[in-house]
Amino acid sequence: MAAANYDAIVVGAGHNGLTNAAYLARSGLRVLVLESNPWIGGAAVSREIQDGWIYSNCSYVCSLLRPEIFRDLELARHGLQIVPYGGGLTITSSGDILGNYPDEDVQRREFARHNAHDADAYSRYSTDVMRQCKFIRPLLLRTPPDPTSLRPRDIREMIFLGKEFRKLGEQAIYDTLRFYTMSIADFLGEYFESDLIKAHLSGSGIIGTALGVHSPGTAYVLLHHYMGDVDGSIGSWGFARGGMGAVSNAIASAFKSHGGEIITDAPVERVLVRHGKVTGVALANGNEYHAKVVVSNLDPKRTYTRLFDDKDLSPAFMKRAGNFKIRGSSGKVNIALDGLPIFTALGANNPLRFGDMHFLDSLEKMELAYDDWKSGTWSKDPYLDLLIPSMTDPTMTAPGKHWMSVFVQYVPAQIHGRAWTDADRDGFKQTVLDKIARYSPNFKQLIRHVEVRTPSDLEDEVGLTEGNIFQGELTMDQLLFNRPFPGYAQYRGPVKGFYMCGSGTHPGGGVMAAPGANAAREILMDLRRPRQVPEGWRDD
């Protein structure tokens with residue numbers, strides 16, 4: 001049995017774990033990252049599953065990565081380049097399209113082509129959503145206050161939140177309180193008349209969450225997807241050149257440049273606790289690594305129900321961890337293509353092909369897709385978020401070849417309460433391929449390889465419980481000082497020296513790295529190293 005001593009141990013080499021480790025190592029701590037897989041990155045990976053094709057086979061687009069972290073860790077120097085992409089569209093069942101265009105005048109004309117009223121409403125809608133983004137963005141790199149605490153720091157933070165809220169103005173405050181509890185369908189209904197336009201915009205409200213367009217709380221999920229930026233353009237999205245693994249590799253490079261160490265093929269079996277304090281971790285192979293600080297990048301349910309001995313946590317806390325709301329609702333299909341598919345509604349050279357493609361053209365169809373999930377099976381007419389990243393990033397494939405990324409909503413963690421079978425996987429795959437082929441006559445002829453990723457695949461390989469891409473639902477009962485649980489939203493666990501840094505903590509999921517950075521701040525403050533915390537994101 002091997003044993004080694006470190007200042008801090010991070011469990012899980014996902015992008016948040018690596019970010020947390022990089023900040024700790026940057027402060028002069030001796031830090032070890034342990035990863036169960038042979039590779040790093042968690043869900044932010046680039047893998048050559050098929051010879052000659054590189055897939056971002058889990059997360060696939062970049063926008064939420066905080067620019068402050070990008071600068072702090074000098075990720076450009078470590079090779080990370082984000083390439084923006086523009087546009088997108090919904091193709092209707094009749095063969096028409098509704099396009100997204102970066103030019104405001106062109107976008108207005110496109111909306112007016114479908115509904116004159118909605119062309120006027122879009123400016124008001126965009127302004128109101130951006131107001132919400134501007135309110136929430138400063139909170140992403142701040143630790144949520146404990147509203148029950150009388151500690152000076154929590155009181156100061158509550159005052160800060162109050163002042164920011166008051167800046168919105170009376171009417172906007174009323175609108176904000178309603179917004180956080182509304183369904184995306186109801187929210188869009190306050191602006192638009194066209195069912196196509198509402199369906200087109202509603203996708204961002206349901207991606208990654210086990211809720212339908214009429215479910216309360218989905219308006220916030222839309223905001224969560226809008227609050228990122230690329231090159232300072234709020235709400236824009238881009239590709240990490242070389243795939244999403246480039247994000248993880250750059251953060252890992254920054255970590256190693258400060259003396260950090262990563263061990264792969266090292267699944268952690270148990271967090272070691274003695275007299276109410278962590279002492280390190282034990283691996284499945286019997287090796288032990290010791291440290292006074294242990295940080296988990298795993299989701300809260302997986303962390304507390306699998307890594308701890310029951311005797312080290314109270315029954316009440318274990319019940320809370322077990323009840324943390326994580327429901328798998330998403331799948332992924334990655335497709336290697338011998339050429340570029342032609343979509344009949346677009347023609348050969350339409351620039352909208354560089355963006356997202358969607359195919360559900362009514363709120364009713366969106367809700368019916370959710371109904372299939374509720375009945376225990378994948379959507380038979382699913383919501384697809386389809387991209388061909390190789391058109392923007394030629395490093396992913398050989399010249400003339402292409403990779404298609406298809407994010408699928410809705411896909412359950414179990415089929416009618418049982419495990420997925422090979423027949424289920426094949427049926428799910430065919431559902432997705434057949435749907436794309438309805439709009440692209442040459443699509444199936446170009447297919448070289450298909451990788452199917454169900455929620456159970458994501459759990460088994462990446463460690464995302466039920467395949468939930470946010471490590472827990474983004475609903476009001478699990479946001480801000482409720483994430484992951486009331487009383488434990490400041491990244492500290494119930495055992496001294498134990499911390500959480502994954503997307504199951506504030507501010508939630510997506511490749512933003514904020515949870516990892518925020519947890520590092522709290523650790524450094526507890527270790528009395530506040531000067532090592534970058535001034536740009538201190539909240540003390």
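Quantities reported herein were computed from a predicted structural model and do not represent experimental measurements. Along the sequence shown, residues carry numbers from 1.
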Tested for ring-ring contact (aromatic ring centres under 6.0 Å, His included) against Tyr85, the lone hit among Phe239, Trp237, Tyr60 is Phe239

Heavy-atom count around Arg178 CZ within 6.0 Å, excluding the residue itself: above 12?
no

N/O donor-acceptor pair under 3.5 Å between Ser194 side chain and Ile197 backbone
yes

Looking only at side chains, do Ser94 and Asp96 share a donor and an acceptor under 3.5 Å apart?
no

Does Glu35 use its side chain to pair, donor to acceptor, with the backbone of Ala13 at less than 3.5 Å?
yes

Quick one: does NZ or CZ of Arg47 land under 6.0 Å from the six-membered ring centre of Trp39, within 45 degrees of the ring axis?
yes

Would you find a donor on one side and an acceptor on the other, under 3.5 Å apart, between the side chain of Asp72 and the backbone of Ile69?
no

Check against side chain to side chain contact (heavy atoms under 4.5 Å, CB included), Asp128 and Arg124:
CA-CA 6 Å; Asp128 289 351; Arg124 183 166 59 91; 4.0 Å; yes

Between Gln409 and Ser329, a side-chain donor and acceptor under 3.5 Å:
yes

Do any N or O atoms from the side chain of Arg109 and from the backbone of Ala119 form a donor-acceptor pair under 3.5 angstrom?
no

Applying side-chain hydrogen bond (donor to acceptor under 3.5 Å, both in side chains), which residue pairs with at least one partner in residues 97-107 are found, sequence neighbours left out?
Asn100-His200

Is Lys365 atom NZ crowded by more than 12 heavy atoms from other residues, nucleotides or ligands, each under 6.0 Å away?
yes

Can a donor-acceptor pair be found between the side chains of Asp457 and Thr454 at a distance below 3.5 Å?
yes

Side chains of Lys401 and Ser390 in contact at under 4.5 Å (non-hydrogen atoms)
no

Between the side chain of Ser215 and the main-chain N/O of Gly212, is any donor-acceptor distance below 3.5 Å?
yes

Determine whether Leu387 and Phe354 make a side-chain contact, defined as any pair of heavy atoms from C-beta on separated by less than 4.5 Å.
no

Do His78 and Ser253 have side-chain atoms, one donor and one acceptor, less than 3.5 Å apart?
yes

Okay, side chain of Ser379, backbone of Asp381: is any donor-acceptor separation there less than 3.5 Å?
no

Is the gap between the ring centers of Tyr370 and Tyr410 under 6.0 Å?
yes

Could you walk me through whether Arg131 and Asp175 satisfy the salt bridge (charged side-chain N to carboxylate O under 4.0 Å, His left out) test, starting with their C-alpha distance in whole Å, then the side-chain angles of each, then the deciding distance to 0.1 Å, before giving a yes or no?
CA-CA 11 Å; Arg131 181 187 296 116; Asp175 292 341; 5.4 Å; no

Atom CG of residue position Asp422 - does it have more than 12 heavy atoms of other residues, nucleotides or ligands inside 6.0 Å?
no

Hits for side chain to side chain contact (heavy atoms under 4.5 Å, CB included) against Lys380, two or more places apart or cross-chain, chain-then-number order -> Asp372, Thr377, Trp378

Paired with Thr465, the side chain to side chain donor-acceptor pair (under 3.5 Å) test is passed by just one of Asp299, Thr303, Thr305, namely Asp299

With a 4.5 Å heavy-atom cut-off, do Cys62 and Leu65 have their side chains touching?
yes

Examine distances only and state if a side-chain atom of Ser440 and a backbone atom of Ile436 form a donor-acceptor pair shorter than 3.5 Å.
no

Can you list the steps and then say if Asp477 with Thr475 is a side chain to side chain donor-acceptor pair (under 3.5 Å)?
CA-CA 5 Å; Asp477 58 318; Thr475 49; 2.6 Å; yes

Glu364 atom CD, neighbour heavy-atom count above 12 within 6.0 Å:
no

Let me see the working for His117 and Tyr122 under side chain to side chain donor-acceptor pair (under 3.5 Å), right down to the final yes or no.
CA-CA 9 Å; His117 167 274; Tyr122 186 70; over 6 Å; no

Okay, side chain of Asn518, backbone of Leu140: is any donor-acceptor separation there less than 3.5 Å?
yes

Measuring centre to centre across the rings, with the benzene-like ring taken for any Trp, is Tyr439 within less than 6.0 Å of Phe443?
no

Just by modelled atom types, is the Leu337 backbone N or O under 3.5 Å from a matching donor or acceptor in the His402 side chain?
no

Before you tell me yes or no, could you show the steps for Glu473 and Arg483 under salt bridge (charged side-chain N to carboxylate O under 4.0 Å, His left out), namely the whole-Å CA-CA distance, both residues' side-chain angles and the distance that decides it to 0.1 Å?
CA-CA 10 Å; Glu473 294 290 337; Arg483 192 169 185 88; over 6 Å; no

Answer with yes or no whether the side chains of Asn57 and Glu451 bring together a donor and an acceptor at under 3.5 Å.
yes

Check the pair Ser93, Asp361 against side chain to side chain donor-acceptor pair (under 3.5 Å), reporting the backbone distance first and the verdict last.
CA-CA 7 Å; Ser93 55; Asp361 55 6; 3.1 Å; yes

Would you check if the distance from the ring center of Phe179 to the ring center of Tyr220 is below 6.0 Å?
no

Ile206 backbone acceptor or donor facing Thr218 side chain under 3.5 Å:
no

Search all heavy atoms of Met500 against all heavy atoms of Pro300 and return the closest pair with its distance.
CE-CA, 3.7 Å

Which residue, Arg453, Lys301, Arg306, forms the salt bridge (Lys or Arg N to Asp or Glu O under 4.0 Å) with Glu459?
Arg306

Would Arg108 and Asp120 satisfy salt bridge (charged side-chain N to carboxylate O under 4.0 Å, His left out), going step by step from the backbone distance to the final call?
CA-CA 8 Å; Arg108 180 182 176 82; Asp120 291 330; 2.3 Å; yes

Run the side chain to side chain donor-acceptor pair (under 3.5 Å) check on Ser183 and Asp186 step by step: do they pass?
CA-CA 5 Å; Ser183 73; Asp186 287 342; 3.3 Å; yes

Could you report the tightest heavy-atom contact between Gly208 and Ile469, atom names first, then the distance?
CA-CD1, 3.6 Å

